[in-house]
Amino acid sequence: MAGEIPIVLTATVIPNGVTAAASNPEKRLAEYLAALKFYLSFAPVFFLENSGYPLEAHPEFRQTDRLRVRRFMPSANPGRGKGYQEFEMLDAWISSEVSPPDQWLKISGRYQILNISTLLAECRRAADISLIIDQVRRTSMARTYFFCARTEFYAGTMKGLYRQCDDRTGEWIERVLYRILRSADRVRSFSTQPRIVATAGGSGAAFPTGRGQWVCKQALRRLNQLVDKRQLWYSK
């Protein structure tokens with residue numbers, strides 16, 4: 001993995017105590033496998049899973065020089081939501097990885113980002129940035145389905161953050177993280193609009209993938225970057 005920015009895919013094959021539109025384990029597994037196959041052609045991958053699903057039954061998850069599979073116990077507090085569980089797993093990964101990468105691009109595991117090569121190139125150019133993440137000013141939320149973090153920054157600023165999350169009271173990870181990042185240095189949004197192929201786990205709604213829509217959003221993002229590189233001033 002030397003010289004490359006690995007992709008960290010977070011996965012929960014069997015949802016743990018979370019109401020999700022995409023809840024069928026077989027379908028979720030198929031989406032994870034498709035995403036894994038897609039990303040391995042662009043970068044090394046750490047695949048993190050926290051539901052106890054028997055991944056060893058599938059040869060696609062066999063460890064290689066390009067693929068590292070890391071498995072974690074299901075959360076003891078599933079009622080606090082998917083963000084709590086996902087960042088609990090990311091913390092466990094950072095703590096247990098013998099030689100964690102200096103920088104990594106985290107993606108929710110069922111999502112395929114069609115322009116991933118452009119996003120990875122942007123991450124490589126960001127030598128002076130600790131965290132690249134889209135933060136939306138109008139909603140006061142950070143988009144956690146993909147972000148590029150330096151391990152030192154994650155460990156010093158984001159680790160343990162999941163303990164403040166509780167979806168039942170509206171303390172979603174997106175809101176908690178947004179508040180924390182207000183006082184953080186060297187944080188900015190992506191200059192590249194992602195083209196995502198996925199259905200949202202909570203609502204079941206598909207991300208729009210039309211090129212025309214993407215071109216419009218990319219132009220809007222570039223205009224936004226002229227006045228504010230840290231936050232997005234539009235909600236979608």
Side-chain angles (χ1 to χ4, degrees), residues 5-13 15-16 18-23 27-28 31-36 38-39 42-43 45-51 75 80-91 93-94 103-120 122-123 131-149 154 158 161-162 165 167 171-181 187-209 213-214 217-218 221 231-232 234-236:
I5 296 176
I7 293 171
V8 176
L9 295 181
T10 55
T12 304
V13 178
N16 183 17
V18 175
T19 301
S23 60
K27 183 178 180 181
R28 292 173 67 88
E31 291 173 335
Y32 287 132
L33 286 171
L36 180 60
F38 173 74
Y39 287 122
F42 295 97
V45 173
F46 285 92
F47 187 86
L48 317 184
E49 207 284 332
N50 65 350
S51 76
S75 176
R80 295 179 69 171
K82 60 184 180 62
Y84 179 99
Q85 296 180 68
E86 182 179 43
F87 277 73
E88 180 183 41
M89 177 168 61
L90 284 169
D91 278 21
W93 170 61
I94 290 292
Q103 185 182 25
W104 37 278
L105 179 61
K106 178 269 178 189
I107 304 173
S108 294
R110 296 185 302 110
Y111 292 15
Q112 292 185 43
I113 301 178
L114 300 183
N115 55 343
I116 186 64
S117 59
T118 305
L119 286 161
L120 284 167
E122 180 176 344
C123 294
L131 179 69
I132 310 176
I133 187 170
D134 286 348
Q135 299 180 76
V136 183
R137 187 180 181 90
R138 287 176 60 186
T139 60
S140 298
M141 289 197 290
R143 293 175 178 168
T144 59
Y145 51 79
F146 82 108
F147 59 80
C148 182
Y154 184 96
M158 299 168 67
L161 206 60
Y162 74 92
C165 298
D167 287 9
E171 284 296 284
W172 308 325
I173 183 62
E174 294 85 357
R175 287 178 172 170
V176 172
L177 183 55
Y178 183 89
R179 290 198 301 267
I180 294 297
L181 294 179
V187 176
R188 69 165 172 82
S189 61
F190 283 94
S191 61
T192 304
Q193 176 72 27
R195 289 189 67 191
I196 300 173
V197 175
T199 56
S203 66
F207 283 80
T209 57
Q213 279 186 307
W214 178 83
K217 289 181 178 179
Q218 180 62 44
R221 186 177 286 258
Q231 297 191 49
L232 301 178
Y234 55 95
S235 59
K236 293 183 180 181

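What you are looking at is a predicted structure, and each value in this text was computed from that prediction instead of being measured. Counting from 1, the numbers follow the sequence of the chain as shown.
- Taking Tyr84 as the reference, Tyr162 meet the ring pair (Phe, Tyr, Trp, His ring centres under 6.0 Å) condition, with sequence neighbours excluded.
- Counting only heavy atoms from C-beta outward, the side chains of Phe87 and Leu161 never approach each other to under 4.5 Å.
- Between the side chain of Gln135 and the main chain of Leu232, no donor-acceptor pair closer than 3.5 Å is present.
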Report the C-alpha separation of Ile196 and Leu114 in whole Å, then their side-chain angles, then the decisive distance to 0.1 Å, and conclude whether the side-chain contact (heavy atoms from CB on, under 4.5 Å) test is met.
CA-CA 6 Å; Ile196 300 173; Leu114 300 183; over 6 Å; no

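- From Arg143, atom CZ reaches atom CD of Glu174 across 10.5 Å, with rounding to the nearest 0.5 Å.
- Leu177 has its side chain within reach of Ile133: a pair of non-hydrogen atoms, C-beta onward, lies under 4.5 Å apart.
- A ring-centre distance under 6.0 Å is found for Phe190 and Phe146.
- Residues Ile180 and Met158 form no side-chain contact, since every pair of their non-hydrogen atoms from C-beta on lies 4.5 Å or further apart.
- Residues Tyr111 and Pro194 have side chains not in contact (no heavy-atom distance under 4.5 Å, counting atoms from C-beta outward).
- No side-chain heavy atom of Ile173 sits less than 4.5 Å from a side-chain heavy atom of Asp167.
- The nearest pair of heavy atoms linking Cys123 to Gln103 is O-NE2, 3.1 Å.
- Legend: residues meeting salt bridge (Lys or Arg N to Asp or Glu O under 4.0 Å) with Glu49, ordered by chain and number and at least two apart, are absent.
- In this structure, the side chains of Gln85 and Asn50 come closer than 4.5 Å at one or more pairs of heavy atoms.
- Checking side-chain atoms of Arg80 against main-chain N and O of Cys165 turns up a donor-acceptor pair under 3.5 Å.
- The main-chain N or O of Gly83 is never found under 3.5 Å from a side-chain atom of Trp172 such that the two would form a donor-acceptor pair.
- A search for side chain to side chain donor-acceptor pair (under 3.5 Å) contacts involving Glu88 returns Ser75, not counting sequence neighbours.
- Arg221 meets the salt bridge (Lys or Arg N to Asp or Glu O under 4.0 Å) test with Asp134; sequence neighbours excluded.
- Every salt bridge (Lys or Arg N to Asp or Glu O under 4.0 Å) that Glu171 has, sequence neighbours left out, goes to Arg179.
- No side-chain heavy atom of Leu9 sits less than 4.5 Å from a side-chain heavy atom of Tyr32.
- For Ser140, the side chain to side chain contact (heavy atoms under 4.5 Å, CB included) partners at least two apart in sequence or on another chain are Tyr178.
- We find the CD1-CD1 distance between Ile107 and Ile7 to be 4.5 Å, quoted to the nearest 0.5 Å.
- Here Arg110 contributes atom CZ and Thr12 contributes atom OG1; the two are 10.0 Å apart, rounded to the nearest 0.5 Å.
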Is there a side-chain contact (heavy atoms from CB on, under 4.5 Å) between Tyr154 and Leu90? Walk through the geometry before answering.
CA-CA 10 Å; Tyr154 184 96; Leu90 284 169; 3.3 Å; yes

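- Listed by chain and residue number, Phe38 satisfy the ring pair (Phe, Tyr, Trp, His ring centres under 6.0 Å) test with Phe42 (two or more places apart in sequence, or in another chain).
- Trp93 is linked by a ring pair (Phe, Tyr, Trp, His ring centres under 6.0 Å) to Phe46, Trp104, counting only residues two or more places apart in sequence or in another chain.
- Here the side chains of Asn115 and Ile113 are in contact, with some heavy-atom distance below 4.5 Å.
- When all heavy atoms are compared, the tightest approach of Ile5 to Leu105 is CG2-N, 4.0 Å.
- No donor-acceptor contact under 3.5 angstrom links the side chains of Gln231 and Ser189, judged on distance only.
- Partners of Glu86 by side chain to side chain donor-acceptor pair (under 3.5 Å), not counting sequence neighbours, listed by chain and number: Thr10, Lys106.
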